[in-house]
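Notes to accompany the following structure.
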Amino acid sequence: MTSYALRATETDCLLVIDVQPDFLPGGALAVPDGDAVIAPINALGRLFRHVVLTQDWHPAGHASFVTSHPGKKPFETTALAYGEQVLWPEHCIQGTPGADLSPKLELPHAELIIRKGYRPGIDSYSAFREADRTTPTGLAGYLRERGFTRVFLCGVATDYCVGWSAIDAREAGFEAVVVEDACRAIDLDGSLERAWGDMAAAGVERERSGAIGG
Ligand code: VGL
Ligand code: ZN
């Protein structure tokens, strides 16, 4: 019998972050090697009874889009009311094919899809809290009411939506484990190293999918 470092239990939830065509190769904001997350996520999906997905879901003209800031270039930053905002290529516009959940995901038993980033003036990397750091998405209440105590995070991007979600999971009182081989990063100016440091400081664990059993 194999002995795993961690086992998925009834109080664990697999949180699959933003696996959408716009973040995968060929997409509007493609994460390098993003397709590599699909196989490990599908394998994790067979171990976890409880799965929640997130979907980045912006209205046209969203404040995080570089096209909403004349004179700016993609990946530059600007000051918004809540602080510094990276300006992204237009992506995950509500109702467009790039915003769908990837058809390559094999997670028919997922129990909730949480959409985020739908307020025109506020970005939302985290699945728990928007980028103003105050507006909740409702996910913490949902997980708590369902009796979950630990979330396993995977998807894209490690240094943005996965990382911020993991840190906010800790802040909301959940254990958080990032499954590193089931994530890929954007990595802008050292953002990946910074994200791992911030996650470690917040008490986020880091594990490989092969170390997780059902
Ligand atoms: C994300 C940038 C903009 C992500 C979403 O899913 O990490 N990154 N919107
Ligand atoms: Zn976005």
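Every number for a ligand or one of its atoms is a count from 1 in the order of the listing. Since the structure is predicted, the reported quantities are computational estimates derived from the model, not experimental observations.
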Exercise. Is it the case that one hydrophobic cluster holds both Leu44 and Leu53, taking links as side-chain heavy atoms less than 4.5 Å apart, direct or via other members?
Worked result: yes
Exercise. Does any donor atom in the side chain of His50 or Glu111 lie under 3.5 Å from an acceptor atom in the other side chain?
Worked result: yes
Exercise. Side-chain donor-acceptor pair under 3.5 Å between Ser165 and Asp168, yes or no?
Worked result: no
Exercise. Considering only N, O or S atoms, which atom of Asp56 is nearest to the Zn ion (ligand 2)?
Worked result: OD2
For this session: Quick one: report the N, O or S atom of His91 that is nearest to the Zn ion (ligand 2).
Result: NE2
Seminar exercise, completed: the protein heavy atom lying closest to atom 4 (C) of ligand 1 turns out to be Cys161 SG, 2.7 Å
Problem set entry | Distance from atom 2 (C) of ligand 1 to nearest protein heavy atom, with residue and atom | Trp88 CE2, 3.4 Å
Any carboxylate oxygen within less than 4.0 angstrom of a Lys/Arg side-chain nitrogen, looking at [X] and [Y]?
| X | Y | result |
| --- | --- | --- |
| Asp35 | Arg184 | no |
| Asp56 | Arg115 | no |
| Arg49 | Glu10 | yes |

Side chain or backbone, does [X] bring an N or O within less than 3.5 Å of an N or O on ligand 1?
| X | answer |
| --- | --- |
| Leu29 | no |
| Asp18 | yes |
| Tyr125 | no |
| Asp56 | yes |

For this session: For the Zn ion (ligand 2), decide whether His58 has an N, O or S atom at a distance under 2.8 Å.
Result: yes
For this session: Determine, using ring centers only, whether Phe48 and His109 are less than 6.0 Å apart.
Result: no
Exercise. Given the side-chain rings of Phe148 and Phe174, with only the six-membered ring counted for Trp, is the space between their centroids under 6.0 Å?
Worked result: no
Problem set entry | ligand 1 atoms in contact with His91 (distance to a heavy atom under 4.0 Å) | 3 (C), 9 (N)
Seminar exercise, completed: A student checking ligand 1 against Ala157 at a 4.0 Å heavy-atom cut-off should list atoms 4 (C), 6 (O), 7 (O)
For this session: Check Val156 against ligand 1 and report side chain, backbone, both or neither, counting heavy atoms closer than 4.0 Å.
Result: backbone
